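Computed from a prediction, not measured in an experiment: that's the story for all the values here.
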Amino acid sequence: MRNIVYKESDVGLTIDRIVRNYDFDMPHKHVHEEYEIYYLVDGERYYFIENQIYHVKKGTLVFIDRNQIHKTGQYGDSHHERIAIELKEEPFSSFLASTGELVLSDFFRRNQGVLELCPKNQEYVLSLLNGIAAEIRTKDPGYRMMAMTKLARLLFFAQRFWDNNRLNAGTTSISTTATHQKVSEVASYITDHYDEACSLNDVARHFYISKSYLSRIFKEITGYTVNEYINVNRILQAQKLLIESDMNITEIAACLGYESITYFEKIFRKYTETSPLKYRKRFLKETERPKSYAGERLSPDELSHS
């Protein structure tokens, strides 16, 4: 049974609280450009984040950066209740910047991971999350300011928690089962060698394990096939290069290990629903682009979809 306790949306923010009493795994291709905050109200779950698998329990707060690979999975009893926030860059980045103490992108880059909270802190965090949802639902005068203020209090609470528990935060929840440790090793290897590891065969050979076994455990834990995980890591790196470098599309494809620019563009579109050039145009202002971009032209197909 699935029970939606609440689901509220406003400009740049969606928050929902859901109770599930059946076996549930998060949809596997779960990479998005919003920040995510996840709070487990009750139950236990496995949480795969980047290259690590965590065993999260009641009262665990999780922060997921933009474009960070993540997936929750079944642990023991199927019952669990969670609250999740998906947060866009604006208007919250500007609001938080006004404090002079917190930059949204820096916070999630530094503090991604899990926090296990004591009962007192669990009550505090739960009250803030429910308060955000209540403000958006009632829309009383000043509700956006109140919701953003509660969100800011949550982030500053987490920042202080991280600062005071930096050595232990996020480590006690790491799953130590042999299978999970092997999947973490494989995921870390792919992340570090995405331009060299071209296929399931390459990775299985590197770890001296059978392709069928690796394929089964990796898909079961991460939601991705090994080949999909290679590609998604390449595309995440491609997004960085498109924004931060002056390399052209052909150079980026070659740098990531793609021999065919056509295949690179096909895979890029699969995971981002846009082309590399459109992605670059979306995130860079014309005046900020290096002059070398001027030689790049949209294909007839891209022009027809502009």
- Message: As a quick check of understanding, evaluate ring-ring contact (aromatic ring centres under 6.0 Å, His included) for H55 and Y47, giving each step before the final call.
- Response: CA-CA 6 Å; H55 174 198; Y47 212 133; over 10 Å; no
- Task: Answer yes if the ring centres of Y229 and Y194 are under 6.0 angstrom apart, and no otherwise.
- Result: no
- Query: For the side chain of N227 and the backbone of L200, is there at least one donor-acceptor N/O pair under 3.5 Å apart?
  - Reply: yes
- Query: Is a salt bridge present between K58 and E44, judged by a nitrogen-to-oxygen distance below 4.0 Å?
  - Reply: no
- side-chain hydrogen bond (donor to acceptor under 3.5 Å, both in side chains) against E89, all qualifying residues, sequence neighbours excluded: Y35, R66, S93
- Taking the side chain from E251 and the backbone from N248, do they hold a donor-acceptor pair closer than 3.5 Å? yes
- For a ring-ring contact (aromatic ring centres under 6.0 Å, His included) with F63, tell me which candidate from F161, Y38, F107 qualifies. F107
- Taking only residues two or more places apart in sequence or in another chain, which ones pass salt bridge (Lys or Arg N to Asp or Glu O under 4.0 Å) with K88? E34
- Message: Using modelled atom types and a 3.5 Å cut-off, is there a donor and acceptor pairing between side-chain atoms of S173 and backbone atoms of V56?
- Response: no
- So which residues get pulled into I4's cluster when ILVMFWY side chains under 4.5 Å apart are joined, directly or through others? I18
- Task: If a pair satisfies salt bridge (Lys or Arg N to Asp or Glu O under 4.0 Å) and one of its residues is in residues 92-108, list it, with sequence neighbours excluded.
- Result: D106-R109
- Task: Would you list the pairs meeting salt bridge (Lys or Arg N to Asp or Glu O under 4.0 Å) in which at least one residue belongs to residues 179-188, sequence neighbours left out?
- Result: K182-E185
- Partners of K240 by side-chain hydrogen bond (donor to acceptor under 3.5 Å, both in side chains), sequence neighbours excluded? none
